[in-house]
Undergrad: 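Below is one structure. I have some questions about it.
Position 1 is the first residue of the sequence, and the numbers go up from there.
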Amino acid sequence: DYVKIESPARTADKSPSDGVPQIGLALASSELNRYEDAVNAMRRALREDPESLNKVPNDLKVVQAINAMLDHYKAQLRQTPFDANALFMSAAMQYLLGQDVLAYVTIGDAIDRGGDKDESAGQLKRLIRDALNNSAPPTSAGSTSAPSTLNPGSLNTPVLTPPASAPER
């Protein structure tokens with residue numbers, strides 16, 4: 001287990017302001033059931049480099065790790081529905097998987113119901129909102145090539161803007 005996490009941890013330590021290694025450390029920590037370390041690394045990534053979520057490689061192993069992490073946090077939320085860390089991590093994983101609307105609702109719950117006051121939650125909410133507001137329709141119906149990164153902002157998702165009369169979450 002130590003060897004599995006040593007390389008991502010070393011890379012993350014060398015580049016503390018680069019969020020991608022922090023996300024790698026979060027995924028590696030989760031695979032080892034070190035969920036507190038995973039949360040800390042993901043929060044650090046979003047505090048230091050929120051755009052790093054748009055740079056995660058679109059790789060089968062990465063997607064599998066993201067899905068496994070999301071499954072873990074969904075199970076945790078069945079036990080404690082407003083756990084701020086579980087909501088935060090679920091929203092981050094949903095965003096990585098292109099589930100932008102669901103991610104926006106989830107991070108809203110983390111902030112509003114879970115009491116998540118960490119800067120990383122606000123950064124994640126802004127990132128998701130920007131992706132929703134900037135999403136473009138598909139450019140060609142026949143395109144079958146997969147993007148090289150898990151960048152949900154480039155996927156076809158509905159535009160979500162808060163109503164003018166409602167206060168922003």
Undergrad: So do the side chains of Lys55 and Asp49 get within less than 4.5 Å of each other, counting heavy atoms only?
TA: yes
Undergrad: Distance from Ile107 atom CD1 to Lys125 atom NZ, nearest 0.5 Å?
TA: 8.5 Å
Undergrad: If every non-hydrogen atom of Leu124 is compared with every non-hydrogen atom of Ala92, which pair is closest and at what distance?
TA: CD2-N, 3.7 Å
Undergrad: On a heavy-atom basis, which atom in Ala41 and which in Ala26 lie closest, and how many Å separate them?
TA: CB-N, 3.7 Å
Undergrad: Which value, rounded to the nearest 0.5 Å, describes the distance between Asp109 atom CG and Asp116 atom CG?
TA: 11.5 Å
Undergrad: Do Leu97 and Val20 belong to the same hydrophobic cluster, where Ile, Leu, Val, Met, Phe, Trp and Tyr are linked whenever their side-chain heavy atoms lie under 4.5 Å apart, directly or via other members?
TA: no
Undergrad: Which atom pair, heavy atoms only, marks the closest approach of Arg44 to Leu25?
TA: NH2-CD2, 4.0 Å
Undergrad: Can you name the residues that form a side-chain contact (heavy atoms from CB on, under 4.5 Å) with Ala65, not counting sequence neighbours?
TA: Leu27, Glu31
Undergrad: Sequence neighbours excluded, which residues qualify as side-chain hydrogen bond (donor to acceptor under 3.5 Å, both in side chains) partners of Glu51?
TA: Asn54
Undergrad: Taking side chain as C-beta onward, heavy atoms only, is Met42 less than 4.5 Å from Leu53?
TA: yes
Undergrad: Where do Ile23 and Ser52 come nearest, in terms of heavy atoms and distance?
TA: CD1-OG, 3.5 Å
Undergrad: Please name all residues satisfying side-chain hydrogen bond (donor to acceptor under 3.5 Å, both in side chains) with Ser120, sequence neighbours left out, ordered by chain then number.
TA: Arg43, Asp118
Undergrad: Applying side-chain contact (heavy atoms from CB on, under 4.5 Å), can you list everything that pairs with Ala103, at least two apart in sequence or on another chain?
TA: Gln94, Tyr95, Ile128
Undergrad: Atom CZ in Arg126, atom CD in Gln123: separation rounded to 0.5 Å?
TA: 4.5 Å
Undergrad: Show me, pair by pair, the donor-acceptor contacts under 3.5 angstrom made by side chains of residues 71-79, not counting sequence neighbours?
TA:
from, atom 1, to, atom 2, distance (Å)
His72, NE2, Gln76, OE1, 3.4
Gln76, NE2, Asp83, OD2, 3.3

Undergrad: Kindly give the heavy-atom pair with the smallest separation between Ala84 and Gly114, and that separation in Å.
TA: CB-O, 3.6 Å
Undergrad: Got a sec, which residues hit side-chain contact (heavy atoms from CB on, under 4.5 Å) with Asp130, two or more places apart in sequence or on another chain?
TA: Asn134
Undergrad: Hydrophobic clusters here meaning ILVMFWY residues chained together by side-chain heavy-atom distances under 4.5 Å, can you tell me if Val56 and Leu70 are in one?
TA: yes
Undergrad: Evaluate the side-chain proximity of Asn58 to Val63: yes if any heavy-atom separation is below 4.5 Å, no if none is.
TA: yes
Undergrad: With no hydrogens and no angle check, do the side chains of Asp37 and Tyr35 hold a donor and an acceptor under 3.5 Å apart?
TA: no
Undergrad: Flag yes if Leu127 and Val101 sit in one hydrophobic cluster, no otherwise; membership is Ile, Leu, Val, Met, Phe, Trp, Tyr, and two members link when side-chain heavy atoms are under 4.5 Å apart.
TA: yes
Undergrad: Grouping I, L, V, M, F, W and Y whenever their side-chain heavy atoms are under 4.5 Å apart, do Met93 and Leu87 come out in a common cluster?
TA: no
